[in-house]
Amino acid sequence: QGTCEPCKTDQYVTEPDQYSCIGCPLGGSCDGKIVRGKDGQRSTWEAVNEYYRVQSCPIGNILVRAEASPATDQCAACPTGTFTFFASTYFIREGYPDLKTDDPAAAPGLCSECPVGADCPGGSVIIPKRGYWMKNYKGDVTVGTARRRLRSITGKTYVNSSSVAETTVAERTKDDEEFVGGLQEDDAFHFSRRH
């Protein structure tokens, strides 16, 4: 009767009694048993027969999954000059864009181009250039947008705040208070030039 050997830390096994150890997929981090997102990334993986397959990727990433090649499963971050504000899933959710591909080289083409008046370092990050501010696609003011607004007005970065109110208190100018209080609900994501 044979002896069982544990998988190496760069491998995994879905069912030790049925399958052999398999090398970690490109976008995964393995511990000898299961697959998690690489570098702490919040992707989800699911056992499908002997393989772990990527099921969803966090905002700012494109899901790459070729059925014939489980080893290449990954979440590909949108590159510099592009972004996406949507998470990607293998099974399409109604009302969300299809942000998956079976070709890693095609992943950047599914990201949106950076808007005029902004810098996009990749993923889901959009940074308004000096003199611009942004409103998200629902018209909400978020901590990030309020901080970026203050940075674009003052050239300073505020990182120790946990709410919009605290962020705007950091530099209580009439301009900032009008920015937070004057946003109207709309469905368009856009950048506006500060006057």
Closest heavy-atom pair and its distance - [X], [Y]:
X	Y	result
Cys111	Pro79	SG-CD, 4.1 Å
Thr89	Lys100	O-CD, 3.9 Å
Ile62	Thr101	CG2-CG2, 4.2 Å
Ser88	Leu63	OG-N, 3.2 Å

- Item | Tyr96 atom OH, neighbour heavy-atom count above 12 within 6.0 Å |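 Incorrect, the count does not exceed 12.
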
Just by modelled atom types, is the [Y] backbone N or O under 3.5 Å from a matching donor or acceptor in the [X] side chain?
X	Y	result
Thr72	Ser69	yes
Ser29	Arg36	no
Arg42	Pro58	no
Tyr52	Tyr12	no

Taking C-beta and beyond as the side chain, do [X] and [Y] meet within less than 4.5 Å on heavy atoms?
X	Y	answer
Cys21	Lys8	no
Pro25	Tyr51	no
Pro108	Thr82	no
Arg53	Tyr90	no
Val13	Lys33	no
Phe85	Ser112	no

- May I ask you to check if the distance between the SG atoms of Cys120 and Cys114 is under 2.5 Å?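 Between Cys114 and Cys120 there is a disulfide, given that their SG atoms are under 2.5 Å apart.
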
- Task: Answer yes or no: is the gap between the SG atoms of Cys7 and Cys30 smaller than 2.5 Å?
- Result: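 Cys7 does not pair with Cys30 as a disulfide (SG atoms not under 2.5 Å apart), so no.
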
- Item | Verify same cluster id: Ile34, Val54 (apolar side-chain graph, 4.5 Å) |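 Same cluster: Ile34 reaches Val54 through Ile, Leu, Val, Met, Phe, Trp or Tyr contacts under 4.5 Å.
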
- Can you get from Phe91 to Val48 by hopping between Ile, Leu, Val, Met, Phe, Trp and Tyr side chains that sit under 4.5 Å apart?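 Result: no, two separate clusters.
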
If I take atom [atom1] from residue [X] and atom [atom2] from residue [Y], how far apart are they, to the nearest 0.5 angstrom?
X	Y	atom1	atom2	answer
Ser20	Gln11	OG	CD	9.5 Å
Lys38	Ser43	NZ	OG	11.0 Å
Thr44	Gln55	OG1	CD	6.0 Å

- Using side-chain contact (heavy atoms from CB on, under 4.5 Å) as the criterion, point out the one residue from Asp98, Ile59, Leu99, Asn61 that pairs with Phe86.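 Only match with Phe86 under side-chain contact (heavy atoms from CB on, under 4.5 Å): Leu99.
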
